[in-house]
Amino acid sequence: MASLRRMHKQRSGERLSYISWIRTGLAPILGFLSKPYRTLRSYDASAVKPDLIAGLTVAIIALPQAMAYALIAELPPQTGLYAVIVGAVIGALWGSSNHLQTGPTNTTSLIVLSALLAVAQPGTPTYLVAAGLMAVIVGAIQLFMSVAQLGMMVNFISDAVIVGFTAGAGILIGVNQLRHLLRLTVPSLPSLWETLPLIAGHLSDAHLPSLLMGIGTIALMIALRRLNRRLPTALIAMVTAATIVALLGLDQQGMRVVGRLPRSLPPLTVLPLTDLTFVRRLAVGSLAVAAIALVESMSIARSISAHSGQHIDSNQEFFGQGLANLVVGFFSGYVVAGSFTRSAVNYNTGARTGLSNLFASLFVLLALFALAPFAAYVPLPALAGVIILTAFSLIERHEIVRIWRTNHGDRTTMIATLVATLVLHLEHAVLLGIGLSVAHYLLRTSQPRVRVVLPSDDFRYFTPRPDKPSCTQLGVVEILGDLYFGAVSHIETRIQENLRNNPSQRYLLLRMYPVENCDISGIHALESIVRLYRERGGDVFFVHVHRQVLQLMRATRFYDLVGADHFLAPDDAVTHLFHRVLDPAICIYECPVRVFSYCQNLPKRLDLACPQHVVHYPLDEVPTITVYALWAALHSTTPPQVIDVREPREFRRSHIPQANSIPFRRLIQNPSRVPIDDSIVLVCRGGRRSLQAAAYLLDRRHQDIHVLEGGMRMWEHEALLTALEIPEESAS
């Protein structure tokens with residue numbers, strides 16, 4: 001019975017764990033789905049009027065744009081209208097931004113055209129079905145990114161990619177519309193180098209009235225913009241062009257028109273979702289469209305939120321955009337995204353909530369029923385003129401110049417994306433640009449700046465001063481980036497390079513305030529750096545370590561390895577190192593510079609460290625002895641004589657029990673104090689002074705001279721016996 005109870009409890013626990021896991025997984029989805037309820041519950045009646053006005057204004061702009069952008073994708077005009085009607089409603093209810101207007105855009109329309117041409121010909125039923133299926137695939141990708149909390153991934157696509165792609169798209173859109181402007185019977189091609197020769201070869205077939213209609217539309221829109229930028233220039237120009245066509249009967253004289261629009265709600269479409277071959281053929285293009293649509297939407301939402309002060313939830317916005325595309329695909333539309341023009345108008349006309357976009361959809365739907373017969377007179381050259389002018393605005397000349405003046409990486413990414421957009425298939429160009437953007441990010445973060453800093457003239461802060469000499473004993477280095485697996489090699493190389501340039505520096509102070517993230521590879525790199533300095537008889541100290549980095553150091557035992565006393569307070573770091581770590585004798589007798597504030601009042605006696613007789617003996621040939629070898633020798637039958645060349649106060653603090661004290665300056669002044677025939681081991685704090693003293697004695701025919709590697713610091717580090725009393729022979 002007891003075993004049955006345990007089994008029952010175990011199974012109950014497993015069921016509860018499974019239910020908890022399901023709830024945890026469903027929580028984000030339920031939160032996203034409940035967005036309309038939260039919006040409607042908090043809706044204020046005072047927002048109805050401004051939202052209605054904004055919705056009407058946006059609808060006036062969206063009506064001609066939707067038809068024009070559908071023309072870019074070689075889709076029927078009503079497809080664009082269905083997309084803006086359905087997409088704006090779903091985006092408004094399930095998106096995050098109060099002002100982002102969802103619908104067809106020029107750049108996504110161009111990518112859709114490029115991707116669809118690979119599977120079907122424009123004007124065929126297959127082409128229409130492929131457009132709807134692509135919208136569903138794009139929506140599924142965006143929904144997955146939302147549920148997986150991958151909203152931050154759009155941050156890896158740089159502005160250089162967007163600027164380069166939109167500039168290239170603007171050129172392609174403008175060139176592609178020339179065939180409608182000239183009424184040429186040529187196929188739509190996404191490549192510039194295919195389209196231009198084709199159009200040039202058919203220029204003799206150009207239709208002059210169509211060209212004049214298109215140029216007139218462009219001229220009218222430019223004039224209206226100069227008169228008042230708030231006017232719905234595209235709608236006015238199209239109404240004017242349609243009126244001229246109707247009055248003069250130009251549609252009967254060969255001018256192509258939009259034709260009658262169906263006066264109906266967006267019809268439901270059956271899509272071949274189970275045709276995996278068809279889905280696979282659209283997959284790459286859909287991925288590119290999904291990426292560009294999300295980046296475009298999030299960039300617009302964040303740009304407007306910077307003025308409105310609204311917080312944007314990127315994952316909720318991903319959900320809204322994904323759901324909008326999913327539904328649009330089933331209701332005879334095509335891919336939608338956030339529109340900058342319509343979103344800016346929505347904000348500037350005083351919209352308070354996302355319901356303004358719902359009102360805009362209703363107004364577009366009413367216009368579709370009311371104005372459908374009038375569309376029979378809208379000339380395609382006029383629509384082409386609207387698109388060409390819009391395409392020209394995609395080439396952000398000022399932003400291109402700004403990026404050109406920045407760094408080499410952004411400049412290269414922008415140019416490569418622009419050229420790829422003009423030469424390659426657009427979906428490949430988009431993915432190439434994204435790849436370059438990510439590669440540039442990884443390259444930049446994998447090579448963070450590792451710079452040597454020195455105190456400012458007033459000693460209030462540290463700053464790079466390449467024109468000033470560094471401290472002889474202490475190097476102060478800042479790591480300007482994260483310590484992760486991609487950056488550790490670069491950081492180690494730079495620190496080793498600094499050590500090669502300053503071989504006398506045995507101590508390192510790492511300033512880590514810019515290091516916000518660290519992984520196990522970063523910990524291994526720090527261990528390697530500490531080991532490098534300690535093997536040289538020095539040490540590494542840390543300052544400005546972020547809490548999360550410090551937690552990782554504790555968890556990996558790096559903190560214990562280094563020691564708590566090696567993590568210093570920013571205001572007291574130099575004070576601690578100067579008084580407790582650095583060798584003041586080196587500052588006085590060997591170091592010619594005054595780097596820190598504490599150096600300013602120190603007496604400099606470099607003449608004592610540089611004897612009148614020049615030392616010819618090479619320092620790197622001076623014999624050395626390890627601490628354990630010396631320990632063994634001192635306990636042998638013929639121990640060597642240990643001479644400590646440090647200052648008396650240092651000697652009094654701690655020394656090898658058998659050592660005699662002959663300070664460096666006294667040894668230089670009177671080398672006869674050292675027996676010429678005895679076996680001598682010279683000792684100092686870290687090995688520097690004893691090395692110079694040994695070279696000085698060897699230069700004067702002393703034979704059996706050794707230097708203790710690492711000096712007293714290494715002796716104490718190995719926990720060997722030390723004494724605190726002063727031998728009588730050295731008291732003088």
Could you check Cys684 against Met712 for side chain to side chain contact (heavy atoms under 4.5 Å, CB included), going step by step and ending with a plain yes or no?
CA-CA 6 Å; Cys684 68; Met712 283 302 297; over 6 Å; no

With a 3.5 Å distance limit and no angle check, can you tell me whether [X] reaches the backbone of [Y] through a side-chain donor-acceptor pair?
| X | Y | result |
| --- | --- | --- |
| Thr556 | Leu552 | yes |
| Arg536 | Pro503 | yes |
| Arg685 | Val581 | yes |
| His702 | Leu697 | yes |
| Arg511 | Val477 | no |
| His490 | Pro448 | yes |
| Asp644 | Arg646 | yes |
| Trp715 | Gly710 | no |
| Asp699 | Ala695 | no |

For [X] and [Y], work out which heavy atoms get closest and say how close.
| X | Y | result |
| --- | --- | --- |
| Glu647 | Arg689 | N-NH1, 3.9 Å |
| Leu143 | Gly322 | CG-C, 3.9 Å |
| Asp482 | Pro514 | OD1-O, 4.2 Å |
| Ala337 | Glu296 | CB-OE1, 4.0 Å |
| Ala569 | Val543 | C-CG2, 4.0 Å |
| Ser489 | Thr493 | O-OG1, 2.8 Å |

Working to the nearest 0.5 Å, report the span between [atom1] of [X] and [atom2] of [Y].
| X | Y | atom1 | atom2 | value |
| --- | --- | --- | --- | --- |
| Ile292 | Ile111 | CD1 | CD1 | 5.0 Å |
| Tyr513 | Leu480 | OH | CG | 5.5 Å |
| Asn517 | His546 | CG | NE2 | 9.0 Å |
| Leu508 | Arg534 | CG | CZ | 12.0 Å |
| His311 | Gln316 | NE2 | CD | 10.5 Å |
| Gln641 | Leu682 | CD | CG | 9.5 Å |

Considering only heavy atoms from C-beta outward, does the side chain of [X] approach that of [Y] to under 4.5 Å?
| X | Y | answer |
| --- | --- | --- |
| Tyr628 | Leu720 | yes |
| Phe165 | Leu418 | no |
| Ile495 | Leu510 | yes |
| Asp704 | Ile680 | no |
| Thr417 | Ile415 | no |
| Ser690 | Leu708 | no |
| Leu436 | Val161 | no |
| His566 | Val540 | no |

Parallel, tilted or perpendicular: which fits the ring planes of Phe567 and Tyr559, with parallel below 30° and perpendicular above 60°?
parallel

If the plane angle is over 60° it's perpendicular, under 30° parallel, otherwise tilted; pick one for His635 and Trp631.
tilted

Verdict with supporting geometry, Ser654 and Glu716, side chain to side chain contact (heavy atoms under 4.5 Å, CB included):
CA-CA 9 Å; Ser654 174; Glu716 293 170 352; 3.1 Å; yes

Are Arg653 and Glu650 ion-paired here, with the side-chain N under 4.0 Å from a carboxylate O?
no

Is any side-chain N of the basic residue among Glu478 and Arg449 closer than 4.0 Å to the acidic one's carboxylate O?
no

Does one side chain, of [X] or [Y], offer a donor that lies under 3.5 Å from an acceptor on the other?
| X | Y | answer |
| --- | --- | --- |
| Thr624 | Glu709 | yes |
| Ser96 | Asp313 | no |
| Ser297 | Glu317 | no |

Member of Val681, Leu698, Ile705 meeting the side-chain contact (heavy atoms from CB on, under 4.5 Å) criterion with Pro623
Leu698

Ignoring hydrogens and angles, write down the donor-acceptor pairs under 3.5 Å from the side chains of residues 520-533, residues two or more places apart or on other chains.
{"unit_1": "Ser528", "atom_1": "OG", "unit_2": "Glu492", "atom_2": "OE1", "d": "3.0"}

Could you walk me through whether Val452 and Asn502 pass the side chain to side chain contact (heavy atoms under 4.5 Å, CB included) test, one step at a time?
CA-CA 11 Å; Val452 177; Asn502 302 276; 5.7 Å; no

What side-chain donor-acceptor pairs closer than 3.5 Å can you find for residues 461-476, not counting sequence neighbours?
{"unit_1": "Arg465", "atom_1": "NH1", "unit_2": "Pro455", "atom_2": "O", "d": "2.8"}
{"unit_1": "Arg465", "atom_1": "NH1", "unit_2": "Asp457", "atom_2": "OD1", "d": "3.0"}
{"unit_1": "Arg465", "atom_1": "NH2", "unit_2": "Asp457", "atom_2": "OD1", "d": "2.6"}
{"unit_1": "Gln473", "atom_1": "OE1", "unit_2": "Asp583", "atom_2": "N", "d": "2.7"}
{"unit_1": "Gln473", "atom_1": "NE2", "unit_2": "Asp583", "atom_2": "O", "d": "2.8"}

Start with the C-alpha gap between Val683 and His655, add the side-chain angles, then the distance that decides, and say whether side chain to side chain contact (heavy atoms under 4.5 Å, CB included) holds.
CA-CA 9 Å; Val683 179; His655 60 267; over 6 Å; no

Establish, yes or no, whether a centroid distance under 6.0 Å links the rings of Phe558 and Phe542.
yes

Kindly confirm or rule out a cation-pi arrangement of Arg580 over Phe578, judged by NZ or CZ under 6.0 Å from the six-membered ring centre and within 45° of its axis?
no

Atom CZ of residue position Phe485 - does it have more than 12 heavy atoms of other residues, nucleotides or ligands inside 6.0 Å?
no

